Amino acid sequence: MTVTGISILTVNVSIHSSPELTIVVPTYNERDNIGELVSRLDLTLAGIHWEVIFVDDDSGDKTADRVREIGSSDSRVRCIQRIGRRGLSSAVIEGMMATNSTFIAVMDADLQHDESLLPKMLSVLRTDDVDLVIGSRLVAGGDNKSLQGLRHWSSEFSSKLARWILKIEVRDLMSGYFMLRSEVVAESVRKLSGVGFKILLDVLASSPRDLKYVELPYRFRSRHSGDSKLDSNAAVALAMTLIDKKLGWLLPPRVSAFLFVGGSGVIVHFAALTVLLKLSGLSFVLSQTIATLVAMTSNYIINNLFTYRDVRLRGWNWLTGWVSFTLACGFGAVANVGVASTLFREDFSWGISAFAGILVGTSWNYGVTRLYTWRVR
Ligand code: GDD
Ligand code: MN
């Protein structure tokens, strides 16, 4: 347009409302799956206003660069690149908090989750009084065949255990594929553990109200490209999540785990003592001493594998760790007996004296081994 000889350029920036659906995809070394996933989303979500947010933990294969490359010509494709962080659950939470859409889906990048289920999930949320739709391998019509052997068995076992502990009826509680209303996230985000990789379980267990959900069957496919990131750590991470969800209001998960292990030590102690007394004919004092050492060692091994798995000691450090653990717990035992006998002399009942001794000894053991054996501050 020309006004008195001056041409006026108008810049045409169109303003769009936020998408109806955001798909949050956590990624760690998934470079070769990004393009395929985006084109499948594009096909299956035709007619829907959507976006996808990849939350990448600074993958060595430059997954984030690949996402930005696609995003440069397709504004529906966004990237959150986290530096110095790891973790599937926390990545998903950050992705969910970076959206402004009505519905949020979570899916893996490796195409194991059948994307053609997304429109069905969305239509259930649009029309029904439901908070959450779960892609399920374990309801009629679903399929989990591409998980094999031990992995299949352990997935089913942990599902059953978690359902029982948390009293949640969802069949595929371990699913990493679901869609929910964004309010559900807003309501529970401050209560989420965010540890490990069981984000669905975390959402269900953290919600302040009972969520209305539907499970839709799908066939779990095998991985498109790359390798699974979840190993035996996953089972331990799940156990810690469960402990946190059950006892987190009372004690930090490491303290609960440490107490459980201490309890197992009592059983180990009595078993060892019985064997030594009955079979070897050693004196009581010697048998008791050896049984104490056996129980301490077993506590050390189990705590190293579970309670402190994230900072697990190996090799030479394992040995020096064992020495510091045994020394610390030795002092703990002395403190325990000291406190208990002092109180007992002051005319407290034997029960109260013993309990106070155990409390002091256990707190000492926890505090000192946390700082000096596993060096957690
Ligand atoms: N950002 C980020 N950080 N992403 C991660 C991380 C991490 O530390 N670890 C894994 N991911 C991403 C992967 O790149 C993938 O897109 C998705 O999370 C799932 O990881 P996989 O390594 O493919 O897991 P899986 O196939 O063994 O397990 C899947 O199935 C399980 C059911 O058996 C996941 O969906 C689990 O959540 C699910 O329980
Ligand atoms: Mn996978």
Side-chain angles (χ1 to χ4, degrees), residues 16-26 40-41 43-53 76 88-89 92-108 113-144 159-160 162-194 197-220 241-242 245-246 249:
H16 298 286
S17 56
S18 51
E20 182 186 19
L21 170 67
T22 300
I23 299 121
V24 173
V25 183
R40 291 198 195 185
L41 289 177
L43 277 180
T44 198
L45 295 174
I48 294 166
H49 188 182
W50 62 275
E51 68 175 353
V52 57
I53 302 182
R76 299 171 303 181
L88 203 167
S89 279
V92 168
I93 294 170
E94 271 159 62
M96 295 197 295
M97 295 315 287
T99 72
N100 194 16
S101 50
T102 319
F103 306 110
I104 303 172
V106 175
M107 81 190 294
D108 294 350
H113 295 156
D114 182 355
E115 68 288 339
S116 67
L117 194 66
L118 288 167
K120 241 182 274 172
M121 293 169 136
L122 182 64
S123 73
V124 170
L125 285 175
R126 273 176 180 165
T127 55
D128 299 356
D129 181 22
V130 162
D131 300 297
L132 167 71
V133 183
I134 301 164
S136 176
R137 299 160 293 182
L138 302 174
V139 292
D143 180 351
N144 203 10
S159 243
K160 284 210 178 99
R163 282 166 55 200
W164 178 69
I165 292 182
L166 299 173
K167 310 267 177 298
I168 294 173
E169 299 294 316
V170 172
R171 298 219 45 99
D172 197 354
L173 194 50
M174 299 298 138
S175 176
Y177 188 26
F178 57 91
M179 192 186 291
L180 41 62
R181 293 178 192 281
S182 58
E183 305 96 86
V184 174
V185 180
E187 285 164 7
S188 60
V189 67
R190 285 181 188 77
K191 301 201 185 69
L192 295 173
S193 304
F197 61 102
K198 296 306 178 194
I199 182 67
L200 172 64
L201 182 153
D202 203 353
V203 167
L204 282 160
S206 306
S207 172
R209 60 190 170 89
D210 280 340
L211 296 177
K212 291 184 205 124
Y213 65 86
V214 172
E215 285 186 78
L216 297 181
Y218 79 100
R219 291 173 163 262
F220 193 68
T241 310
L242 289 177
K245 284 293 151 213
K246 268 326 238 195
W249 59 274

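Keep in mind it's a predicted model, so treat the numbers as computed, not measured.
By the neighbour-count criterion of 12 heavy atoms within 6.0 Å, atom NZ of K246 is densely surrounded, having more than that number from other residues, nucleotides or ligands.
Of all heavy-atom pairs spanning V92 and P26, the tightest one is CG2-CG, 3.8 Å. In terms of heavy atoms, G141 sits closest to P217 at C-CB, 3.5 Å. Smallest separation of non-hydrogen atoms from V170 and R163: O-CD, 2.9 Å. Of all the heavy atoms in I53 and G95, the pair that sits closest is CD1-O, 3.9 Å. When every heavy atom of L117 is checked against every heavy atom of G135, the shortest pair comes out as CD2-CA, 3.9 Å. The two residues A162 and L173 come nearest to each other via the heavy atoms CB-CD2, 3.8 Å.
Under the 4.5 Å side-chain criterion, counting only non-hydrogen atoms from C-beta, L118 is in contact with L41. Contact check for L180 versus D131: no side-chain heavy atoms found under the 4.5 Å cut-off. Residues R76 and P19 are not in side-chain contact: their nearest non-hydrogen atoms beyond the backbone lie 4.5 Å or more apart. Using a 4.5 Å heavy-atom threshold, the side chains of R190 and L192 count as separate. Counting heavy atoms from C-beta outward, V185 and T99 have side chains that stay 4.5 Å or more apart. M107 has its side chain out of reach of M179: every pair of non-hydrogen atoms, C-beta onward, lies at least 4.5 Å apart. Within the 4.5 Å cutoff, side-chain heavy atoms of V189 are placed close to those of I93. Here the side chains of F220 and H113 are in contact, with some heavy-atom distance below 4.5 Å.
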Notebook entry, point to check: Is there a side chain to side chain contact (heavy atoms under 4.5 Å, CB included) between M121 and F103 once you walk through the steps?
Noted result: CA-CA 10 Å; M121 293 169 136; F103 306 110; over 6 Å; no

Notebook entry, point to check: Does the side chain to side chain contact (heavy atoms under 4.5 Å, CB included) test come out yes or no for V214 and D128, once each step is laid out?
Noted result: CA-CA 10 Å; V214 172; D128 299 356; 5.6 Å; no

Next item on the list: Could you walk me through whether V203 and L211 pass the side chain to side chain contact (heavy atoms under 4.5 Å, CB included) test, one step at a time?
Entry: CA-CA 9 Å; V203 167; L211 296 177; 4.2 Å; yes

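Remark: the backbone N or O of N100 is paired with a side-chain donor or acceptor of S18 at under 3.5 angstrom. A donor-acceptor pair is defined here as one N or O able to donate and one able to accept, closer than 3.5 Å; no such pair exists between the side chain of S207 and the backbone of L204. Proximity of a side-chain donor or acceptor of E215 to a complementary backbone N or O of V139 within less than 3.5 Å is not detected. In terms of modelled atom types and a separation under 3.5 Å, the side chain of K245 and the main chain of L166 share no donor-acceptor contact. Listed for the R219 side chain is no donor-acceptor partner under 3.5 Å among the backbone atoms of D114. Side chain of S188 to main chain of V184: a donor-acceptor pair is present (N/O by atom type, distance under 3.5 Å, no hydrogens or angles). Proximity of a side-chain donor or acceptor of D202 to a complementary backbone N or O of G194 within less than 3.5 Å is detected.
With no hydrogens or angles considered, no side-chain donor-acceptor pair links E20 and T102 at under 3.5 Å. Side-chain contact check for K198 and S89: no donor-acceptor pair (N or O, by modelled atom type) lies under 3.5 Å.
The structure places OH of Y177 at 12.5 Å from CG of D172, a figure rounded to the nearest 0.5 Å. Here CD1 of I104 is found 9.0 Å from CG of L21. Values are rounded to the nearest 0.5 Å. To the nearest 0.5 angstrom, Y218 atom OH is 13.0 Å from K120 atom NZ. Rounded to the nearest 0.5 Å, atoms CG (L200) and CD1 (I134) are 5.0 Å apart. Taking CD1 of I199 as the reference point, atom OG of S175 lies at 12.0 Å (rounded to 0.5 Å). Between the NZ atom in K160 and the CE atom in M174 there is a gap of 11.5 Å [rounded to 0.5 Å].
Remark: E115 engages R40 in a salt bridge, criterion side-chain N to carboxylate O under 4.0 Å.
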